[in-house]
There are 4 protein chains.
Amino acid sequence: MNGAQGRPLRADAARNRARLLDVATEVFTARGVGTPTEEIARAAGVGVGTLFRHFPTKEALLEAVMVRRLEAIAARTAELTIDTEPATAFFDAFRLVIDQSAGKNEFTRALAAAGVDAHESLRESSTVIRTQLAELLAGAQRAGAVRPELGVPELMALLVGTTASMDQLGADPAARERIFDVVFDGLRPQ
Amino acid sequence: MNGAQGRPLRADAARNRARLLDVATEVFTARGVGTPTEEIARAAGVGVGTLFRHFPTKEALLEAVMVRRLEAIAARTAELTIDTEPATAFFDAFRLVIDQSAGKNEFTRALAAAGVDAHESLRESSTVIRTQLAELLAGAQRAGAVRPELGVPELMALLVGTTASMDQLGADPAARERIFDVVFDGLRPQ
Amino acid sequence: MNGAQGRPLRADAARNRARLLDVATEVFTARGVGTPTEEIARAAGVGVGTLFRHFPTKEALLEAVMVRRLEAIAARTAELTIDTEPATAFFDAFRLVIDQSAGKNEFTRALAAAGVDAHESLRESSTVIRTQLAELLAGAQRAGAVRPELGVPELMALLVGTTASMDQLGADPAARERIFDVVFDGLRPQ
Amino acid sequence: MNGAQGRPLRADAARNRARLLDVATEVFTARGVGTPTEEIARAAGVGVGTLFRHFPTKEALLEAVMVRRLEAIAARTAELTIDTEPATAFFDAFRLVIDQSAGKNEFTRALAAAGVDAHESLRESSTVIRTQLAELLAGAQRAGAVRPELGVPELMALLVGTTASMDQLGADPAARERIFDVVFDGLRPQ
DNA sequence: CATGAATGAGTATTCATTCAT
DNA sequence: GATGAATGAATACTCATTCAT
């Protein structure tokens, strides 16, 4: 997808760009967005110059990482939306976002904030997701599977919050499932 | 609690220390923990030297701020524990933690992380809260007001997560209440 | 002089500031304004941090250097203006500016440009000089010692140009005097 | 002149070289010699690689630009030297150099410095001009149109200085003429 | 030959921490 | 004790130059 790519990158350049994105995702997640650019470049096996050639700013790199993540989520959410029963689709999508965001709290917050103050590219991809979520939410509500009084802002907030809960909890799958139980049961009309 | 203070501080020194803590709480909350120490010193009306005399490290200052916050929460939670009906006490305490932590997500995460990797003083005060929460949780579960399968880790995770949801949501009180509805209903035995 | 000095600097701070200005003047002159700040700090015997504490920007340092230079010229020009015969005062001042500016072409150009686009402090001090030169020029013209059709812009241009000539020429005193002969004779009504 | 070119350039290579020189002249003049090489390459419609193939160093490019400028001046000065009355030839050449150098002070200084420390190619072309100017000066002095005590160094200095004056003055043609009046009258025997 | 991606040394600036006043 | 000046390691970003495609 990748937005408006001026000219197609040369093979090696594309490889470097992809590698930088992968590494940056990993490093930002593991050690925080404060990690020096040089570290990321080194981890990607390129010089700083290369990093800055592909992403003119550290912020731009962070943005690109988030856009990729958002686009991945949007793509998988789109699959769910098609021929799945509305309630199932909604809860599956909720899980999907949480799982994709796990360990990436800083990103998720940026994600949510995107609707308010982020740059164009981010806003663009987050708008897509926001729209998808709005549809899923409406569908689930029409099907009587989700409290009717909830709006998209509350849904976003719960997504962010649940992600934070999961990050806090660590890897224990049973405990994670108990969190999902609480949130999902709470989402249903009482 | 203040730990083991060798000799009691002179009056002005004590005043400076308190003022620094107040200001640091405010500034770290409003502008993030990245705010330069000099800014905090200036806002407190003292020189950096004084700041570093009271808190040998920026991290130590941050820690002290969090300890104070934890102690305040513990104190108010203790009040709730005494002669209140268990279920009410539990949900009131939950709200209390959320309200005290609102807008201080960075702190809350540090708080929660405390059980794992923070310094002694932090662990100490967070242990107090953890114990209180454990008691409140057990009480509410005995009273049949909270799902019995939940443990303290899940409770902590939900506290952190709900704080994140609230931060994300902003000030709208009705929406905040809807989040509480979801979480509290989800906490109840189904 | 020195503009609005908030509080008087501590003795050592003042010494450092002065030393930095001296060294910067020398180094910028000898090796150009492209010289790294770190070099200047080292030459002044202080750390970079100190340099940036006194001058928040490299540009600010350059500006301060120029202001000092301008103020010195203004002060000495003021002495000349008092009880000296107009024609003599004018030509002495001309020499003075040239001598003060020798080897500092980059500065002189900045000086002249100040009237157009420099920062407040620079504009301020250059306005003083400009005014003094205007008076000196008018006096010399009234005394019939300088071509009446010349204005301050032309005078400024000639000052800059003569400085450039001198820089180009090097130290040979006799040759320098020949340049002065050409310019001064050319300035006189023909 | 182009120096000793091993093999004649292919047509397109020659075109690129010429285009790079044109563009570099323009860009260095308009935005200073600090302009990145990449900018120049882009403006010339070639890649950086091509630029560096033709000029192994940025400095070499700058040098080539100056050589071309010098050669142009030399050529036009040569025309003047032939069948023109000596005094007229001298003053016309003076004007010519000034007009060609206008707005290119950085170059002119480099030009003048060439006699002292520049590379061979520059020295070569500046020697030509220097010789021409020496002849023109001698002719004008023999004709009694210029002060006899002036030498070529002073003439060079005055050329550089007058260029600086003009740069400083800007476009006002009347004011420029007044500067010429001062310098030319000053050059004449008094 | 041309291209433009990669390189990495170099530069201005910030900020936690120390120490002379 | 308090002050704030000094320190210098750390960091984002630039740009001349090289080299794989």
Side-chain angles (χ1 to χ4, degrees), chain A residues 7 9-17 20 34-42 44-61, chain B residues 9-13 16 34-42 45-61, chain C residues 7 9-17 20 34-42 44-61, chain D residues 9-13 16 34-42 45-61:
Chain A
R7 57 205 73 207
L9 289 175
R10 243 165 51 182
D12 54 347
R15 210 170 18 251
N16 275 337
R17 200 191 129 93
L20 278 166
T35 315
T37 48
E38 206 154 338
E39 204 108 324
I40 294 169
R42 183 166 35 254
V46 302
V48 250
T50 302
L51 188 157
F52 280 98
R53 161 172 277 269
H54 285 291
F55 309 97
T57 285
K58 194 187 186 179
E59 202 192 9
L61 172 58
Chain B
L9 291 174
R10 258 169 38 181
D12 56 345
N16 275 341
T35 316
T37 48
E38 199 147 353
E39 205 108 325
I40 294 168
R42 180 164 40 253
V46 303
V48 250
T50 304
L51 188 157
F52 277 94
R53 165 168 285 273
H54 285 294
F55 309 97
T57 291
K58 193 187 189 181
E59 200 191 10
L61 172 59
Chain C
R7 56 205 73 207
L9 289 174
R10 246 165 49 182
D12 54 347
R15 208 168 24 249
N16 275 336
R17 200 190 129 91
L20 277 165
T35 315
T37 48
E38 206 154 339
E39 204 107 325
I40 294 170
R42 183 165 37 254
V46 303
V48 250
T50 303
L51 188 158
F52 279 97
R53 162 172 275 270
H54 286 291
F55 308 97
T57 284
K58 193 185 186 180
E59 201 192 8
L61 172 58
Chain D
L9 291 173
R10 256 169 40 181
D12 56 345
N16 275 341
T35 315
T37 49
E38 200 147 352
E39 205 108 324
I40 293 168
R42 182 165 36 254
V46 303
V48 248
T50 305
L51 188 157
F52 278 94
R53 164 168 286 273
H54 285 293
F55 308 97
T57 293
K58 192 187 190 180
E59 201 192 9
L61 172 59

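Throughout, protein chains are lettered first and strands after them, A, B, ... in sequence-line order, and every chain is numbered starting at 1. The basis for the numbers below is simple: all heavy atoms, side chains too, and nothing from hydrogens, waters or symmetry mates.
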**Study point:** N-O pairing of B/K58 and B/E38 below 4.0 Å
**Key:**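 So B/K58 does not pair with B/E38 through a salt bridge.
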
[X] side chain: which of [options] is closest?
| X | options | answer |
| --- | --- | --- |
| A/H54 | E/dA6, E/dT17, F/dA12 | E/dA6 |
| C/R53 | E/dG4, F/dG4, E/dC15 | F/dG4 |
| B/F52 | E/dT17, F/dT17, F/dA2 | E/dT17 |
| D/T50 | F/dA2, E/dT17, E/dA2 | E/dA2 |

Expressed as a whole number of angstroms, how long is the span from [X]:[atom1] to [N]:[atom2]?
| X | N | atom1 | atom2 | value |
| --- | --- | --- | --- | --- |
| A/R42 | F/dA10 | CZ | C1' | 13 Å |
| B/I40 | E/dT17 | CD1 | P | 12 Å |
| B/L51 | F/dG4 | CG | P | 13 Å |
| D/L61 | F/dA16 | CG | P | 11 Å |
| C/E39 | E/dA12 | CD | C1' | 14 Å |

Check your understanding: When rounded to the nearest 0.5 angstrom, what distance separates CG in C/L51 from CD in C/E39?
Key ->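 C/L51 CG to C/E39 CD: 12.0 Å, rounded to 0.5 Å.
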
Practice item. With heavy atoms under 4.0 Å as the rule, sort A/V48 into base, sugar-phosphate or nothing. Key: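 Base contact.
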
Check your understanding: Starting at the 5' end of DNA chain E and moving along, which residue's nearest nucleotide shows up first, C/E59 or B/T37?
Key ->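 The residue mapped nearer the 5' terminus is C/E59.
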
**Study point:** Residue whose closest nucleotide on DNA chain E lies nearer the 5' end, C/R15 versus A/E38
**Key:**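 Result: A/E38.
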
**Study point:** Strand partner of E/dT14, provided both Watson-Crick or wobble distances fall under 3.5 Å
**Key:**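 Per the H-bond distance test, F/dA9.
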
Exercise for review: Tell which nucleotide pairs with E/dA6, taking only Watson-Crick or G-U wobble pairs whose two distances are both under 3.5 angstrom.
Suggested key: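 With both distances under 3.5 Å, E/dA6 matches F/dT17.
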
Point to revise | Contact summary for A/L20 and A/A44, nearest pair of heavy atoms | key: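 Looking at all heavy atoms of both residues, the shortest contact is CD2-CB, 3.6 Å.
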
Check your understanding: Closest approach of D/I40 and D/T35, non-hydrogen atoms and distance?
Key ->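 Scanning both residues completely, I find the closest heavy atoms to be CD1-O, 4.4 Å.
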
Point to revise | Test side-chain contact (heavy atoms from CB on, under 4.5 Å) applied to A/T37 and A/F55, step by step | key: CA-CA 11 Å; A/T37 48; A/F55 309 97; over 6 Å; no

Point to revise | Residue mapping more 5' on DNA chain F - nearest nucleotide basis, C/V46 or A/G49 | key: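 Closer to the 5' end of DNA chain F: C/V46.
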
Review point. A/D12 or C/N16: which one's nearest nucleotide on DNA chain F is closer to the 5' end?
Key: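 Whichever sits nearer the 5' end wins; that is C/N16.
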
